Structures are given as C-alpha cells and as structure tokens.
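Computed from a predicted model, the values in this text were never measured in an experiment. Side-chain atoms are counted along with the backbone in the values below, which use heavy atoms only and exclude waters and symmetry mates. Just follow the structure's listing: the first ligand is 1, and inside any ligand the first atom is 1. Just so you know, residue 1 is the first one in the sequence shown, and it goes up from there.
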Amino acid sequence: MLAKQALQLIKTRRTCRSFDKFTPVSDKALENILEAALWAPLSIYQLQNRKFVVLKNQAREQAAALLSSDPSVLKYMRYMYEHQPWGREADWETKAAAFAVDIGAAPVMILALAQKNANVHKMEHNVGSLWCAAQNMMLQAHAEGLDTGVVTFLSEKIKEDLLRAIGFSWEEWAPVYILNVGEAVEEPLPLEREAENTLVILDN
Ligand SMILES: Cc1cc2nc3c(=O)[nH]c(=O)nc-3n(C[C@H](O)[C@H](O)[C@H](O)COP(=O)(O)O)c2cc1C
C-alpha cells in the first residue's frame, strides 16, 4: 500500500506558478519540509556545505522584486510554453508575464545555496544534493497538502544582489534555485512522461 501511495504522491506533484499569496504556510508544515530537505542524499564527500534560506514577508518581497528583474525568468517560461503542448492555452503569454511580475506570488520561498568549490566534481556534487533536496521538499509539501514550484535564474548580477540583500557573500555561495511554497491558485496539467524512449532495461 505504501508503495502505491508513494508513487501516487510522486506522480501528482506539479510545478505550480500561481499561488495564493495570502494563505500562509503553517510553521509545522514548513518545519517538515525543511527536515525533508536535510534528509536528502548527501554526496560521497558527505558535504553539507549548503544553506536553505527561508524567505517570508519582506524578505520574500525583496527576493521576488530582484528575480523579476532577471529576464531569464520570463525567457524560461516562454521557452517552456513554446515547447510544451499543454502550455499552449490562448492566455499562456499573459500567465507567463503574470508569473514573472511576482515570481508566482507564493507566501514562502526557500532559496537553496551551494557553497562554491573550485573542485568541479565537488561543486557538481554540492549542486546535485541540493536538487535531491528540492525533490524531497516538493514531495513533503505535496504530502502536507501544499504546492511548490522550482524557479531557476541565470543572471550573475541578480544572484549577487540577492545574496547581498540576505547577508551572504557571493564569493562563497551560489544560488541554485528558489522553491516557491504555498497553495496554488491554478495547478498545471501534467506533461505526460515518455517511458517508451526513456527506459532501457538490459537483462541478459
Ligand atoms: C533543473 C530544473 C530547473 C527548473 N527551472 C524552472 C524555472 O526556472 N522556472 C519554472 O517555472 N520551472 C522550472 N522547473 C520546473 C519544470 O519546468 C517542471 O518540472 C516541468 O515543466 C515538468 O512539470 P511538473 O514539475 O509539473 O511535472 C525546473 C525543473 C528542473 C528539474
């Protein structure tokens, strides 16, 4: 039964891009989500050189304002909608523009930071374990009856400004993603996954 429920949880999680800003996330749910982040797999180096920075209220507003000035946020949305058939509703451009204004308007953002490491392999591992944590957080939030959406951004200038605004050094830390957490106003349809051309089973 647990196996079925786990698969159901995984398959019904969606990336949401429109949240109800005024429905708060409970402290207990947030605590569980952060605990799930901590328990994600660690790399072979056992590196825990990472931060999960919770941004609420003014801190969230400040981060959203900075991110909304990064053209890559809208560029990514445009790319995604233009390449995904389910995104081609007549009003997708309006929705994408609305997302870019307030980055989805979730009441809570969790900023994932990897400690910079000159060793490319170690840095890859740092970033990899943060993405494992992203999935853990998304699934835990989903189990709590909440919605999430991961947001990436490209501008080094915005990354630096964001870090400065929250008191972290750009020389030491690299923002990897922001995870929006809250209650969705609108949940997108699932993008069907292709098993046929993706799964390769060798058994001989
Ligand atoms: C590495 C990575 C980067 C992503 N970056 C963004 C992003 O910048 N903005 C966004 O809206 N969604 C982003 N997403 C979410 C994907 O667009 C989303 O997972 C995909 O469209 C499938 O939808 P689903 O999560 O609802 O199944 C990202 C996901 C991953 C794994």
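Using a distance-only test at 3.5 Å, with no hydrogens or angles considered, a donor-acceptor pair links the side chain of S72 to the main chain of L154.
The only member of V181, I110, V108 that meets side chain to side chain contact (heavy atoms under 4.5 Å, CB included) when paired with K56 is V108.
Taking only nitrogen or oxygen atoms, main chain and side chain alike, V150 reaches within less than 3.5 Å of ligand 1. Looking at ligand 1, you won't find any N or O of W131 less than 3.5 Å from one of its N or O atoms.
In the model, H142 has a side-chain atom that pairs as donor or acceptor with a side-chain atom of T12 under 3.5 Å.
No heavy atom of L191 sits closer than 4.0 Å to any atom of ligand 1. Not a single heavy atom of Q135 sits closer than 4.0 Å to an atom of ligand 1.
Put simply, the side chain of E144 does not reach to within 4.5 Å of the side chain of L139, judged on heavy atoms.
Of all the heavy atoms of E192, none lies under 4.0 Å from any atom of ligand 1, so neither backbone nor side chain is involved.
For K157 and W170, the positive end is not near the middle of the six-membered ring at less than 6.0 Å and at most 45° from its axis.
Close approach of ligand 1 to R14 (heavy-atom distance below 4.0 Å) involves ligand atoms 24 (P), 26 (O), 27 (O).
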